[in-house]
Amino acid sequence: MNYWLVKTEPEKYGWSHFTAQGRAIWDGVRNYQARNNLAAMKLGDQVLFYHSVSNPAVVGVGTVTREAYPDPTAPVEANGKPTPWCVVELEPALAFSQPVSLAQIKAEPMLANMGLIKQSRLSVMPVKSDEYDQILQWGMKFKV
DNA sequence: GCCAACGTTGGC
DNA sequence: GCCAACGTTGGC
């Protein structure tokens, strides 16, 4: 089991869209590093769902329900070469009772090496299991 | 709205 | 192959 984090702008496609549809095709990734991460996702992997830009925070968890296949929104080839872009399919697994803010993540020394902080522009990245556990624990706390 | 980080493009 | 210009992302 592997853990990941995907970013999305909630105004364009947020958690509410995701849960309303019950499924998402994670398309439109056009960065090689992000693409390689998508391609490495396996069925059942857990994916932190992160809202960027306004109120940056992890808001829930999705499960990989289909492994990488060619991105239908990408051209089949460019400059005579097949295009490398791919998508995965995700389903909502867990809605956080409390969003885990970027500020909270930054304030925790254990999470200081997360790609989210180190490589702020990458949109699909791996997460270590202990990092995932910590964020899940925060996210599933009951409100007081 | 501003700006830093950084990926991509294109001239040479 | 280098590097400047430019575009995009995303935090603040």
Side-chain angles (χ1 to χ4, degrees), chain A residues 2-42 45-141 143-144:
Chain A
N2 292 309
Y3 303 97
W4 309 90
L5 182 147
V6 295
K7 290 183 185 174
T8 179
E9 292 189 36
E11 288 78 13
K12 293 181 183 166
Y13 187 93
W15 180 259
S16 58
H17 301 102
F18 186 34
T19 52
Q21 286 182 202
R23 193 164 71 111
I25 294 172
W26 215 255
D27 61 15
V29 170
R30 296 293 182 270
N31 168 284
Y32 279 94
Q33 204 177 344
R35 183 219 88 99
N36 291 341
N37 290 331
L38 277 186
M41 289 185 185
K42 296 295 175 193
D45 281 0
Q46 301 297 106
V47 182
L48 296 173
F49 195 102
Y50 177 82
H51 282 169
S52 67
V53 185
S54 51
N55 280 327
V58 180
V59 294
V61 178
T63 303
V64 177
T65 51
R66 183 172 171 187
E67 296 178 6
Y69 62 96
D71 187 341
T73 70
V76 176
E77 56 176 47
N79 304 323
K81 292 181 177 178
T83 230
W85 310 122
C86 62
V87 299
V88 295
E89 284 178 11
L90 304 176
E91 281 180 11
L94 207 55
F96 281 3
S97 56
Q98 289 185 92
V100 177
S101 71
L102 178 62
Q104 189 176 354
I105 291 170
K106 278 185 163 178
E108 169 54 55
M110 197 197 106
L111 303 177
N113 287 319
M114 284 189 73
L116 186 64
I117 294 163
K118 293 261 169 177
Q119 237 185 315
S120 64
R121 291 187 52 200
L122 185 60
S123 61
V124 182
M125 67 189 83
V127 173
K128 294 193 182 72
S129 64
D130 55 345
E131 296 165 344
Y132 176 86
D133 290 343
Q134 176 63 79
I135 290 171
L136 194 73
Q137 199 185 321
W138 282 335
M140 295 312 287
K141 268 186 187 165
K143 288 178 186 175
V144 282

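Every chain is numbered from 1, with letters handed out A, B, ... down the list of sequences.
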Check your understanding: What does nucleotides 4-10 of chain B look like as a protein-contact string, B for base, S for sugar-phosphate only, - for none, at under 4.0 angstrom between heavy atoms?
Key -> -BBS---
Practice item. Begin with the C-alpha distance, continue with both residues' side-chain angles, and end with the deciding distance and a verdict on side chain to side chain donor-acceptor pair (under 3.5 Å) for A:Asp45 and A:Trp4. Key: CA-CA 8 Å; A:Asp45 281 0; A:Trp4 309 90; 2.9 Å; yes
Practice item. Can you tell me the distance, in whole Å, between the CG atom of A:Leu116 and the P atom of C:dC12? Key: 10 Å
Check your understanding: Of the non-hydrogen atoms in A:Ala57 and A:Ser101, which two are nearest, and what is the gap between them?
Key -> CB-CA, 3.7 Å
Point to revise | Which atom of A:Trp26 lies closest to which atom of A:Tyr13, heavy atoms considered | key: CZ3-CE2, 4.2 Å
**Study point:** Ion pair check, A:Asp71 and A:Arg30, cut-off under 4.0 Å
**Key:** yes
Check your understanding: Do the side chain of A:Thr8 and the main chain of A:Tyr50 share a donor and acceptor less than 3.5 angstrom apart?
Key -> no
